[in-house]
Structures are given as C-alpha cells and as structure tokens.
Amino acid sequence: MIVFVGAGPGAEDLITVRGQNYLQEADIIIYAGSLVNPKLLDAKKEDCTVYNSARMTLEEVLEVMVRGEREGKRVVRLHTGDPCLYGAIKEQMDALKQEGISYEICPGVSSFCGAAAALEAEYTLPGISQSVVITRMAGRTPVPERESIRGFAAHQTTMVIFLSTGMLADLSKELTAGGYPGDTPAAIVYKATWPEEKVCRCTIDSLEATAEKEGITKTALIVVGRVLDGEYTRSELYNPAFTTEYRKASKEVKSNE
Ligand code: SAH
C-alpha cells in the first residue's frame with residue numbers, strides 16, 4: 001500500500017494527525033523537497049529511507065514505489081499542501097493501478113488556506129463574493145484558453161493564484177483586462193505558515209512593484225478581491241432573526257433581507 005500524504009503548507013505541525021501517523025510508520029518516504037518542510041521528516045523511524053523527489057523523474061519515483069511495495073514496505077509519498085492541487089498525483093496513481101498496487105490519499109491543508117489564515121481573511125464574504133477561483137498563469141504548463149485569468153476576472157470573485165509569482169506584470173494586465181479595477185485589493189503571501197512568512201498587501205496595479213520591493217520571486221500566492229477590504233454584509237447563519245435547522249429566530253430583530 002502506497003499513501004499519498006498532504007504535508008500541509010509549511011509549518012511542521014500543520015500536517016493532519018493521520019498524515020503524521022503514516023510518516024511515523026513509513027519504511028520509505030519520497031518527499032517533494034522543493035516545498036515540503038524537511039522538519040516533517042523528524043517524525044520518521046530511524047531505519048526509514050528518504051528520497052527527495054525534486055531531483056527525480058516520475059519514472060524514478062515509480063521505481064522506488066514499486067520496489068518498496070514488492071518488498072512489503074510501507075511507502076509514503078509526501079506532497080506539499082493538499083495533493084489535489086498541482087500535485088501531479090494522477091499520473092502516479094494511474095501507473096500504480098497498472099501495476100496492480102493499491103494506494104490511499106491522506107488530505108492536507110492547502111497553502112491557499114494557510115494564506116487566508118496569514119491574511120486573517122474570509123474568502124467568501126456575504127454581499128462581496130461567494131466563490132473562490134483557484135488558478136494560475138500559464139507557464140511551462142499551459143492553461144486552457146477558456147480558463148484565462150481575464151475570463152475569470154470578469155466575475156470579480158475572490159481569486160487565489162498559484163505558481164505565478166514570476167509573471168506579476170502580466171497577471172495585473174490580465175486581471176484588469178477582464179474587468180477587475182486596478183485599485184482592487186490584492187496580497188502576496190510568501191511562504192504562508194513558515195517561520196519566514198511574509199504578507200504584503202497591495203492592489204492589482206501594484207503587484208509587481210510590491211514583489212520587487214519585498215524581493216519575492218517564488219513560493220507565494222496572489223490573493224485578489226474585495227474580500228480583502230473592510231466591507232461586507234453580516235452572515236444570515238448567525239443572525240438572530242434567521243431560523244436555521246438548529247436555532248429558532250427571535251422576533252425582535254430584522255433579517256438582512
Ligand atoms: N499542492 C500545493 C500546491 C503545489 S503548487 C497546495 O495545496 O498548496 C506550488 C505552488 O503553491 C507554489 O508555487 C506557490 O504558488 C504555492 N505555495 C505552496 N506552498 C506555499 C506557501 N506556504 N505559501 C505560499 N504559497 C505556497
């Protein structure tokens with residue numbers, strides 16, 4: 001059995017209890033060395049063999065997995081954040097399936113959640129935005145034209161943009177071309193939840209200048225949207241005038257609507 005484990009966004013205590021248990025029991029750990037905090041490996045057994053996948057190809061990773069499985073070893077593939085986002089796990093799962101090897105996925109805290117915590121932000125504020133678009137600029141990995149930043153920006157929802165710190169001038173252009181005003185609040189969150197975390201608040205227009213001033217070139221998320229401003233409508237869920245499955249409304253107070 002191979003387990004894909006989400007390592008969380010950085011801080012070593014932001015892995016799940018289940019993920020930590022898998023790490024402690026592993027005979028082999030293959031971790032994404034470019035982004036996973038190496039301190040997480042302190043949990044491993046003394047005789048555990050560790051591989052850094054940053055220096056490996058898919059074929060090499062699979063070879064370690066298949067050999068480990070054949071030898072009856074417990075193999076953990078440790079991915080940054082949650083493996084469902086830009087994790088390249090599908091190709092690993094498909095290859096394991098072909099080999100008849102079973103696997104399991106243990107979720108993790110994605111960096112977009114770590115960034116929200118660093119910003120003290122709620123991405124879904126009533127009256128402002130009720131959706132979050134998670135996307136990226138096209139790089140060496142292309143993005144389908146129908147998913148352009150420009151197209152998403154037309155909705156003016158909250159956007160969290162991965163893997164794009166080196167393309168901020170183009171990102172600002174795309175966001176404004178799509179309809180987001182240039183003075184819309186934005187933020188660059190560098191290494192969310194790591195000790196060296198940096199939170200830089202700016203606007204869409206000043207994204208590139210802000211990153212340059214702060215010396216940020218990678219390992220950052222760009223958050224965009226009016227949820228980073230102060231205004232919103234209070235929630236209905238906790239409104240005294242609103243009846244829910246668990247609580248009856250009191251008559252004296254008016255509902256938002
Ligand atoms: N699966 C991961 C994302 C992997 S893609 C997740 O769920 O978070 C790698 C990109 O994620 C980086 O280029 C950066 O844009 C973002 N990223 C990962 N960890 C980060 C962190 N701690 N702070 C800010 N951005 C981070």
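Keep in mind that the numbers below use all heavy atoms, side chains included, and drop hydrogens, waters and symmetry copies. Numbering of ligands and ligand atoms starts at 1, following listing order.
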Going by distance only, is there an N or O of S110 that falls short of 3.5 Å from an N or O of ligand 1? yes
Using only heavy-atom distances, determine whether the side chains of E104 and Y22 contain a donor-acceptor pair under 3.5 Å. yes
L85: numbered ligand 1 atoms lying under 4.0 Å from its heavy atoms: 1 (N), 2 (C), 3 (C), 4 (C)
Report the nearest protein non-hydrogen atom to atom 22 (N) of ligand 1: residue, atom name, distance rounded to 0.1 Å. P9 O, 2.8 Å
Residue, atom and distance of the protein heavy atom nearest atom 5 (S) of ligand 1 read Y86 CB, 3.7 Å
For ligand 1, is any non-hydrogen atom under 4.0 Å from F112's backbone (N, CA, C, O), its side chain (CB onward), both, or neither? neither
If you measure from the Lys or Arg side-chain nitrogens to the Asp or Glu carboxylate oxygens, is any gap between K39 and D42 under 4.0 Å? no
Just need the protein heavy atom nearest to atom 8 (O) of ligand 1, so name the residue and atom and give the distance. S111 OG, 2.7 Å
Quick one: does E120's side chain have a donor or acceptor within less than 3.5 Å of a partner on A116's backbone? no
Compute the minimum heavy-atom distance from G10 to ligand 1 and say whether it is under 4.0 Å. no
Hey, would you say the Y51 and Y31 ring centroids sit under 6.0 Å apart? no
I need the nearest protein heavy-atom contact for atom 21 (C) of ligand 1: residue, atom name and distance, please. A192 N, 3.5 Å
Before accepting this row, confirm whether a basic side-chain N of the pair K191/E197 lies closer than 4.0 Å to the acidic partner's carboxylate O. no
Nearest non-hydrogen protein atom, atom 15 (O) of ligand 1: A220 O, 2.8 Å
Got a second to check how far H155's NE2 is from S131's OG, nearest 0.5 Å? 9.0 Å
Is R234 reaching over with its side chain to a backbone N or O of Y238, donor-acceptor style, under 3.5 angstrom? yes
Among all protein heavy atoms, pick out the one at the shortest distance from atom 2 (C) of ligand 1; state its residue, atom name and that distance to 0.1 Å. T80 O, 3.3 Å
Counting both backbone and side chain atoms, is some N or O of L163 under 3.5 Å from an N or O of ligand 1? yes
Note: E69-K73 ion pair, threshold 4.0 Å (strictly below): no
Where the closest heavy atom to atom 24 (C) of ligand 1 is concerned, which of N37, L14, V189 has it? V189
Distance filter under 4.0 Å to G81 heavy atoms, resulting ligand 1 atoms: 6 (C), 7 (O), 8 (O)
Does the side chain of R77 pick up a donor-acceptor pair with the side chain of S53 at under 3.5 Å? yes
Show which atoms of ligand 1 fall inside a sub-4.0 Å distance from at least one heavy-atom site of W194. 22 (N)
Salt bridge present between E99 and R70 (N-O < 4.0 angstrom): yes
In the protein, which heavy atom is nearest to atom 9 (C) of ligand 1, and how far is it? L35 CD1, 3.5 Å
In this structure, atom 25 (N) of ligand 1 is nearest to the protein heavy atom L221 CG, 3.3 Å
